[in-house]
Amino acid sequence: MKILEEKILSEGRALGEDILKVDSFINHQVDPVLMQQIGEEFAAHFKDKGVTKVATIESSGIPPALMTAISLNVPLIILKKQPSKVLNDNLYQTAVTSFTKGTTYELTLSRQFVSEEDHVLIIDDFLANGEAGTGAIRLFRKAHATVAGIGILIEKSFQPGREKLMEQGIEVYSLARIAKLEKGHIEFISED
Ligand code: 5GP
């Protein structure tokens, strides 16, 4: 998606070879017009997939996921990051290790918001090792729901997340794919 790539080039900051900071339009301050365009792009791509719900992981996935849900006219589920396991029959939980923080949290979904009829589109801001995405897939599969695909704003294609998700039979649609990061330098995969 050209406008997202341009925004990443003008405002993104590569902290080194692994981490991209996009605090001015995704992770801290949010560009609402860009989020709307992103939502429309995901909705157009997944419109024939029978999506019944959009899901994301709190908190940076919420703005683009909400815009996608509006465009598809379906509810949005926000998967919660709980610090520890909760003994509660009404919840699905699964442990996920955070890429940026190195900590582990319990990704949590209330049974009340998902059923086996659901076909869920998962949206997240970044794809790195695919831990967050795999955790979300595990939760929906525990609920006997199906996953329509994963929409990612920024994929770091030099990390193994895409392969990991595709091995699970999941379609990954990324709006910007980064081939390489170096301090002060960002290189995209050319799609042509
Ligand atoms: P994964 O679970 O795929 O290893 O990592 C994805 C999660 O880690 C995303 O939800 C995002 O919050 C965070 N993340 C991974 N890489 C980056 C990065 O380069 N920059 C930022 N801002 N967040 C990242």
Side-chain angles (χ1 to χ4, degrees), residues 1 4-31 34-35 38-39 42 54-69 76-83 92-109 120-141 147 149-189:
M1 190 183 189
L4 178 59
E5 289 189 355
E6 285 169 1
K7 191 86 169 168
I8 293 168
L9 287 177
S10 65
E11 295 186 27
R13 277 196 309 125
L15 293 190
E17 293 180 3
D18 280 342
I19 302 272
L20 178 66
K21 281 276 247 186
V22 286
D23 276 1
S24 67
F25 59 103
I26 296 176
N27 290 135
H28 199 349
Q29 172 172 264
V30 175
D31 180 335
L34 180 63
M35 293 305 138
I38 285 171
F42 282 137
V54 171
T56 192
I57 298 155
E58 64 178 355
S59 58
S60 291
I62 296 173
L66 177 63
M67 291 305 180
T68 308
L76 168 66
I77 297 175
I78 300 166
L79 303 174
K80 309 273 194 178
K81 293 173 180 169
Q82 304 277 3
Y92 296 107
Q93 285 195 309
T94 189
V96 171
T97 302
S98 157
F99 177 83
T100 40
K101 300 195 182 92
T103 50
T104 298
Y105 57 86
E106 290 288 332
L107 198 62
T108 303
L109 165 66
V120 182
L121 171 60
I122 298 165
I123 302 288
D124 204 7
D125 57 346
F126 273 90
L127 178 58
N129 289 337
E131 290 296 317
T134 300
I137 294 165
R138 258 197 321 271
L139 272 191
F140 286 110
R141 287 187 171 163
V147 174
I150 298 204
I152 297 289
L153 275 58
I154 305 175
E155 172 188 314
K156 291 182 293 177
S157 305
F158 54 89
Q159 290 168 336
R162 166 177 285 269
E163 287 71 33
K164 191 164 173 179
L165 297 175
M166 285 175 61
E167 277 165 15
Q168 299 170 69
I170 302 293
E171 183 198 345
V172 181
Y173 181 52
S174 303
L175 302 184
R177 300 184 67 198
I178 295 178
K180 195 172 175 197
L181 282 181
E182 276 167 16
K183 205 166 186 318
H185 178 75
I186 301 164
E187 204 174 297
F188 294 104
I189 290 188

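Just follow the structure's listing: the first ligand is 1, and inside any ligand the first atom is 1.
Of all protein heavy atoms, the one lying nearest to atom 10 (O) of ligand 1 is Asp124 OD2, 2.8 Å. In terms of protein heavy-atom proximity, atom 16 (N) of ligand 1 is closest to Lys156 NZ, 2.7 Å. The single protein non-hydrogen atom nearest to atom 7 (C) of ligand 1 is Phe126 O, 4.2 Å, given as residue, atom name and distance. Protein heavy atom at the shortest distance from atom 12 (O) of ligand 1 is Asp125 OD1, 3.6 Å. Taking atom 22 (N) of ligand 1 as the reference point, the nearest protein heavy-atom neighbour is Asn27 OD1, 2.9 Å. Remark: minimum distance from atom 20 (N) of ligand 1 to any protein heavy atom is reached at Leu20 O, 2.7 Å.
In summary, Arg177 and Glu155 engage in a salt bridge, as defined by a charged side-chain N under 4.0 Å from a carboxylate O.
Taking every heavy atom of Glu131 and a limit of under 4.0 angstrom, the matching atoms of ligand 1 come to 1 (P), 2 (O), 3 (O), 4 (O). The atoms of ligand 1 that sit less than 4.0 Å from any heavy atom of Ala132 are 2 (O).
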Could you walk me through whether Gln93 and Thr108 pass the side-chain hydrogen bond (donor to acceptor under 3.5 Å, both in side chains) test, one step at a time? CA-CA 5 Å; Gln93 285 195 309; Thr108 303; 2.8 Å; yes

In sequence, state the C-alpha distance, the side-chain angles, and the governing distance for Asn129 and Lys164, and then conclude on side-chain contact (heavy atoms from CB on, under 4.5 Å). CA-CA 8 Å; Asn129 289 337; Lys164 191 164 173 179; 5.7 Å; no

Before you tell me yes or no, could you show the steps for Phe140 and Ile122 under side-chain contact (heavy atoms from CB on, under 4.5 Å), namely the whole-Å CA-CA distance, both residues' side-chain angles and the distance that decides it to 0.1 Å? CA-CA 10 Å; Phe140 286 110; Ile122 298 165; 4.3 Å; yes

Test side-chain contact (heavy atoms from CB on, under 4.5 Å) applied to Arg13 and Ile186, step by step: CA-CA 8 Å; Arg13 277 196 309 125; Ile186 301 164; over 6 Å; no

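Looking at Asn129 against ligand 1, both its backbone and its side chain come within 4.0 Å, counting heavy atoms. Of all the heavy atoms of Ile57, none lies under 4.0 Å from any atom of ligand 1, so neither backbone nor side chain is involved. The proximity of Lys21 to ligand 1, defined as any non-hydrogen pair under 4.0 Å, does not occur for either the backbone or the side chain.
Of the N or O atoms in Leu127, none lie within a sub-3.5 Å distance of an N or O in ligand 1. For the pair Thr97 and ligand 1, the shortest N or O to N or O distance does not fall below 3.5 Å. When only interatomic distances are considered, the shortest N/O to N/O separation between Phe99 and ligand 1 does not fall below 3.5 Å. Residue Gly133 places no N or O, backbone or side chain, under 3.5 Å from any N or O of ligand 1.
Of the options Leu107, Thr134, Ile137, Leu109, a side-chain contact (heavy atoms from CB on, under 4.5 Å) to Thr94 is made by Leu107 and by none of the others.
The two atoms that bring Gly130 and Leu165 nearest to each other are O-CD2, 4.2 Å, heavy atoms only. Minimum interatomic distance between Lys7 and Leu34 (heavy atoms only, all atoms of both residues): CG-CD2, 4.2 Å.
Annotation for Glu6: atom CD counts as buried by contact number, over 12 foreign heavy atoms lying within 6.0 Å. No more than 12 heavy atoms of other residues, nucleotides or ligands lie within 6.0 Å of NE2 in His28, so this atom counts as exposed by the packing criterion.
The closest approach between any non-hydrogen atom of Gly161 and ligand 1 is not below 4.0 Å. At a 4.0 Å cut-off, at least one heavy atom of Asp18 sits close enough to ligand 1 to count as contact.
To the nearest 0.5 Å, the span separating CD1 on Ile38 from CG on Leu153 amounts to 4.0 Å.
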